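Below: one structure, written as structure tokens.
All values derive from a computational prediction rather than experimental measurement. Just the heavy atoms: all of them, side chains too, but no hydrogens, waters or symmetry mates, feed the values below.
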Amino acid sequence: MFLNSLSMLTAGALLAGCGRAPALEIDDAWVRSAPPSATVQAGYFTLHNRAASDFTIVGAYSNAFGSVEMHETVTSDGVSRMRRIERLVVPGGGSLELAPGGRHLMLIDPQRPYAPGDRLEIVLELDGGANQAISFEVRPAAY
Ligand SMILES: [Cu+2]
């Protein structure tokens with residue numbers, strides 16, 4: 001009996017340690033290619049949340065970039081500016097879309113130039129400690 005409870009506990013801990021969020025489905029994850037001199041690039045994706053409760057993204061990181069921030073684009077007095085945001089929510093049963101002209105991942109300090117067709121992994125940090133790794137495809141700037 002004790003042994004059973006212990007194994008169940010271990011299995012539970014392992015699942016939590018995996019840090020996956022299987023209820024999240026990723027669509028169309030891509031990074032806009034940039035000239036070799038560029039110091040920032042932008043990443044976009046759509047996330048579908050198959051769970052009833054919200055997922056909140058509280059950060060992101062990648063080996064391919066010095067740092068990753070979450071940004072939104074706001075227009076005031078006809079001027080567009082980017083602003084850092086601390087959280088992105090994927091509503092339960094709903095979707096979150098990051099797209100050109102709106103919210104995006106700001107990919108700062110590319111470790112080398114990336115060409116269209118390259119694949120880059122970016123990890124999303126979820127509220128509660130789980131991580132979700134996403135594979136992004138580099139696409140031409142004109143895409
Ligand atoms: Cu930005």
Side-chain angles (χ1 to χ4, degrees), residues 4-143:
N4 265 348
S5 315
L6 193 66
S7 336
M8 282 176 67
L9 198 69
T10 307
L14 280 175
L15 277 178
C18 282
R20 301 260 320 151
L24 286 179
E25 242 171 60
I26 300 122
D27 239 6
D28 207 27
W30 64 286
V31 166
R32 191 196 291 268
S33 69
S37 58
T39 55
V40 293
Q41 290 179 253
Y44 309 101
F45 59 80
T46 299
L47 280 179
H48 304 286
N49 184 355
R50 302 297 179 209
S53 51
D54 296 355
F55 279 98
T56 303
I57 303 164
V58 295
Y61 62 89
S62 172
N63 289 335
F65 299 94
S67 62
V68 180
E69 294 181 358
M70 302 182 291
H71 282 189
E72 64 183 354
T73 305
V74 287
T75 304
S76 60
D77 299 328
V79 181
S80 287
R81 289 189 186 80
M82 296 189 300
R83 186 163 66 187
R84 187 173 185 179
I85 48 180
E86 299 301 322
R87 305 167 86 76
L88 284 169
V89 176
V90 198
S95 301
L96 166 75
E97 187 185 13
L98 276 64
R103 292 171 294 190
H104 55 275
L105 294 180
M106 192 93 274
L107 310 168
I108 300 159
D109 188 19
Q111 300 300 289
R112 60 175 182 81
Y114 301 115
D118 285 355
R119 294 207 76 94
L120 309 174
E121 188 180 89
I122 299 171
V123 179
L124 303 180
E125 301 170 294
L126 301 173
D127 193 18
N131 289 335
Q132 173 85 48
I134 300 182
S135 175
F136 286 70
E137 183 189 15
V138 179
R139 295 184 189 164
Y143 187 89

Is any side-chain heavy atom of [Y] closer than 4.5 Å to one of [X]?
{"X": "Phe65", "Y": "Ile108", "result": "no"}
{"X": "Met70", "Y": "Leu98", "result": "no"}
{"X": "Val40", "Y": "Met82", "result": "no"}
{"X": "Leu47", "Y": "Leu88", "result": "no"}
{"X": "Asn49", "Y": "Leu24", "result": "yes"}
{"X": "Ile122", "Y": "Phe45", "result": "no"}
{"X": "Leu96", "Y": "Ile57", "result": "yes"}

>> Keeping Tyr114 on the side-chain end and Val31 on the backbone end, is there a donor-acceptor pair under 3.5 Å?
In response: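 Checked: no pair found.
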> Taking Thr39 for the side chain and Asp109 for the main chain, is one N or O donor matched with an acceptor at less than 3.5 Å?
Replying inline: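 Not confirmed, Thr39 side chain does not pair with Asp109 backbone.
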> Which pair of non-hydrogen atoms, one from Arg32 and one from Pro100, has the smallest distance, and what is that distance?
Replying inline: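 Nearest heavy atoms, Arg32 then Pro100: NH2-CB, 3.5 Å.
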> Once you round to the nearest 0.5 Å, how far does CZ of Arg84 lie from CE of Met106?
Replying inline: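 Nearest 0.5 Å value for the CZ-CE distance: 12.0 Å.
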>> Run the salt bridge (charged side-chain N to carboxylate O under 4.0 Å, His left out) test against Glu121 and tell me which residues pass, sequence neighbours left out.
In response: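 Salt bridge (charged side-chain N to carboxylate O under 4.0 Å, His left out) check on Glu121 returns nothing, list empty.
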> So, Glu72 and Arg83, do they make that salt bridge, N to O below 4.0 Å?
Replying inline: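 Answer for the salt bridge query: yes.
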>> Gln111 vs Asn63, test: side chain to side chain contact (heavy atoms under 4.5 Å, CB included). Steps then yes/no.
In response: CA-CA 8 Å; Gln111 300 300 289; Asn63 289 335; over 6 Å; no
>> Looking only at side-chain N and O atoms, does Arg87 offer a donor or acceptor that is under 3.5 Å from a partner on Thr56?
In response: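 Arg87 and Thr56 do not have a side-chain donor-acceptor pair below 3.5 Å.
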